[in-house]
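One structure is given here, and the rest of the page talks about it.
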Protein chains: 2
Amino acid sequence: MNSKLGLLEPLESLSMTDRVENILREYFTENAFKPGDALPNELEIAQKLNVSRNVVREALSRLRMLGMIEARPRRGMIMSQPDLLAGIEKVLNPFILSQSNQKDIFELRLILEMGIAEFLFARKTQKDLDELELIVEKQKSLPVLSKEDEIEFHGKLYDMTGNETFQRFQSLLFPVFEHVFASMTNQKDNYVLVDPVSHADLFRILRDGTPEAFRKAMHKHLEVYYNTIKK
Amino acid sequence: MNSKLGLLEPLESLSMTDRVENILREYFTENAFKPGDALPNELEIAQKLNVSRNVVREALSRLRMLGMIEARPRRGMIMSQPDLLAGIEKVLNPFILSQSNQKDIFELRLILEMGIAEFLFARKTQKDLDELELIVEKQKSLPVLSKEDEIEFHGKLYDMTGNETFQRFQSLLFPVFEHVFASMTNQKDNYVLVDPVSHADLFRILRDGTPEAFRKAMHKHLEVYYNTIKK
DNA sequence: TCTTTACATTTGTCCTACAAATATAATAGT
DNA sequence: ACTATTATATTTGTAGGACAAATGTAAAGA
């Protein structure tokens with residue numbers, strides 16, 4: 001009879017908390033709430049929406065977790081600058097992430113790694129290059145590079161992009177990347193294949209070359225990973 | 001006296017709800033909870049942690065929002081596959097996002113757009129190319145491309161990567177990208193500059209060329225945006 | 001006018017209660 | 001002994017009351 005409803009049904013099964021959460025976010029958007037603006041107090045919201053204070057608090061608790069609002073005990077609540085990645089951070093658990101999501105994250109790193117060339121060349125400073133050289137020199141003496149060495153070099157590259165979100169995003173994704181690759185290759189950790197393009201090579205190109213050449217080299221450096229994306 | 005505590009202080013100011021949320025997530029990770037596994041009931045958790053059921057419910061409400069757990073009324077709670085991007089989605093409100101975050105997102109799109117070349121070439125199918133050609137042909141007859149035309153072409157590219165998360169991620173980021181660019185250029189919408197490299201050019205390269213050539217062309221296509229990243 | 005005091009406000013936390021639907025146990029019927 | 005029905009227990013969702021504690025505000029006093 002109501003088979004026509006189809007996609008509508010999930011909406012009806014929303015709990016009060018879900019609905020209040022949605023209503024609040026819409027309310028903020030439509031009224032152009034900005035960081036620092038004061039919110040109505042919990043009781044007021046509850047009475048206006050005709051729900052219990054419990055429900056309102058459960059919804060507010062979610063927004064607080066995202067950094068969207070801030071509650072100053074006994075002084076009321078205010079809007080705040082949300083933490084863009086707080087939600088993702090809490091969910092990055094290989095045990096519960098779907099295989100599909102894990103694969104997507106694995107690939108996302110490759111995409112990002114190839115896309116940063118322009119930013120590196122546009123924003124590199126002598127100080128950055130000096131620090132990177134130090135890392136490269138240190139690694140030259142090692143017989144094989146550990147996972148940590150990889151992180152140190154690539155992490156420095158993300159720093160150099162000057163994009164804070166990107167930097168943090170990448171550091172969140174890396175453990176998942178590692179986990180996926182490890183489970184694909186079944187290899188014990190701390191063993192990294194010999195690269196046709198070394199960190200030292202990448203460093204030299206970043207110092208003296210072009211974005212174009214850097215991307216080419218980075219692709220070669222990550223070739224072992226790129227070989228996994230053939231459909 | 002306790003000035004040495006420094007970074008420790010924020011920890012102490014955590015609410016019970018914050019702490020229970022952390023404890024629960026750690027509990028899930030350490031016990032390797034997988035989707036489908038049953039959780040202890042609310043009262044049990046509350047008693048074990050010596051807090052009220054309210055506090056537990058506020059913490060659980062957060063995890064439910066992230067899709068981490070699922071509550072089946074009157075049957076208990078189970079682990080579930082979290083929605084990787086649910087947290088970000090709710091927070092993408094230009095009014096409250098920091099300028100810095102908005103700029104980061106703007107740049108992130110450029111990074112992604114440049115990084116997908118390998119995936120496009122590795123995974124393109126004849127069907128994809130046909131559909132893309134249709135879009136390009138349609139746009140050829142237009143004097144100027146609207147925002148929607150841009151989304152249609154680039155959106156199809158994201159589809160072709162075969163990476164669902166990436167696809168969705170991109171569609172979430174796009175409005176912010178548009179917002180940032182509009183506020184930078186102060187231009188009214190629906191006006192897109194004439195590109196040195198057209199969508200038709202990109203299509204031809206994707207069909208007959210190499211990832212290398214595609215990246216080069218895409219960079220030229222997005223040059224007007226890339227000009228903003230010079231520090 | 002300034003200081004002190006009393007009061008009101010508001011979040012954080014705890015408690016109790018109950019509806020409703022499911023799972024489980026108990027009972028009745030054949 | 002087995003099935004069908006009924007009763008009971010479980011558990012989330014929601015409501016509502018209570019109070020501590022700290023802050024802001026108003027009132028009172030010097």
Side-chain angles (χ1 to χ4, degrees), chain A residues 2 9-25 27-28 33 35-82 86, chain B residues 2 9-25 27-28 33 35-82 86:
Chain A
N2 60 359
E9 267 167 300
L11 274 177
E12 306 195 36
S13 75
L14 288 182
S15 66
M16 284 295 172
T17 302
D18 291 331
R19 290 202 270 175
V20 171
E21 184 215 317
N22 290 334
I23 289 171
L24 284 175
R25 279 190 292 105
Y27 172 72
F28 296 151
F33 268 67
D37 289 354
L39 269 60
N41 70 51
E42 297 175 349
L43 221 81
E44 215 172 314
I45 296 172
Q47 285 163 354
K48 206 72 123 184
L49 299 181
N50 209 30
V51 294
S52 75
R53 199 182 145 214
N54 274 348
V55 168
V56 173
R57 276 190 64 83
E58 285 184 21
L60 290 172
S61 176
R62 298 173 175 187
L63 305 184
R64 222 167 325 159
M65 177 189 62
L66 299 176
M68 205 166 178
I69 64 175
E70 211 170 306
R72 300 162 310 169
R74 293 134 218 130
R75 284 193 295 159
M77 297 176 287
I78 57 171
M79 292 298 287
S80 141
Q81 313 242 79
Chain B
N2 59 359
E9 268 168 298
L11 274 177
E12 306 196 36
S13 76
L14 287 181
S15 66
M16 285 294 170
T17 302
D18 291 331
R19 290 202 270 176
V20 171
E21 184 215 316
N22 290 334
I23 288 171
L24 284 175
R25 280 190 292 103
Y27 172 73
F28 296 151
F33 268 68
D37 289 353
L39 268 59
N41 69 49
E42 297 175 349
L43 221 79
E44 215 171 315
I45 296 172
Q47 285 164 353
K48 207 71 124 184
L49 299 181
N50 208 32
V51 294
S52 75
R53 199 181 144 213
N54 273 354
V55 167
V56 172
R57 275 190 64 83
E58 284 184 22
L60 290 172
S61 176
R62 298 172 174 187
L63 305 184
R64 223 169 351 205
M65 177 187 62
L66 299 177
M68 205 166 177
I69 65 175
E70 211 170 306
R72 299 161 310 167
R74 293 134 218 130
R75 282 193 297 158
M77 298 175 287
I78 57 171
M79 291 299 285
S80 134
Q81 313 241 80

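Labels below follow one simple rule: chain letters A, B, ... track the order of the sequence lines, proteins then strands, and each chain is numbered from 1. Below, each value reflects all heavy atoms present in this structure, side chains not excepted, and no hydrogens, waters or symmetry copies.
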Which residues pass the side-chain contact (heavy atoms from CB on, under 4.5 Å) test with B:P73, not counting sequence neighbours?
none
Roughly how far, to the nearest 0.5 Å, is CZ of B:R19 from CG of B:N22?
10.0 Å
Mind checking what makes side chain to side chain donor-acceptor pair (under 3.5 Å) contact with B:D37, not counting sequence neighbours?
none
Considering all heavy atoms, the nearest A:P35-A:Q81 contact
CG-OE1, 3.3 Å
By side-chain contact (heavy atoms from CB on, under 4.5 Å) - contacts of A:A71 (at least two apart)
A:R64, A:M77
Can you give one letter per nucleotide of nucleotides 4-17 of chain C, 5' to 3': B if a protein heavy atom sits under 4.0 Å from the base, S if only from the sugar-phosphate, - if neither?
------BBBBBB-B
What residues, two or more places apart in sequence or in another chain, satisfy salt bridge (Lys or Arg N to Asp or Glu O under 4.0 Å) together with B:E21?
A:K90, B:R25, B:R62
To the nearest 10°, give me the bend of the helix from C:dT1-D:dA30 to C:dT30-D:dA1, comparing the axes of its five terminal pairs at either end.
30°
Can you list everything that forms a side-chain contact (heavy atoms from CB on, under 4.5 Å) with B:Q47? Sequence neighbours excluded, please.
B:L43
Chain B footprint on DNA chain D, 5' to 3' - any atom under 4.0 Å from a heavy atom:
D:dT11 to D:dT14
side-chain contact (heavy atoms from CB on, under 4.5 Å) against B:E70, all qualifying residues, sequence neighbours excluded:
B:I78, B:S80
Applying ring pair (Phe, Tyr, Trp, His ring centres under 6.0 Å), name anything that partners B:F28, two or more places apart in sequence or on another chain.
B:F33
By salt bridge (Lys or Arg N to Asp or Glu O under 4.0 Å), which residues pair with B:R53, not counting sequence neighbours?
B:E42
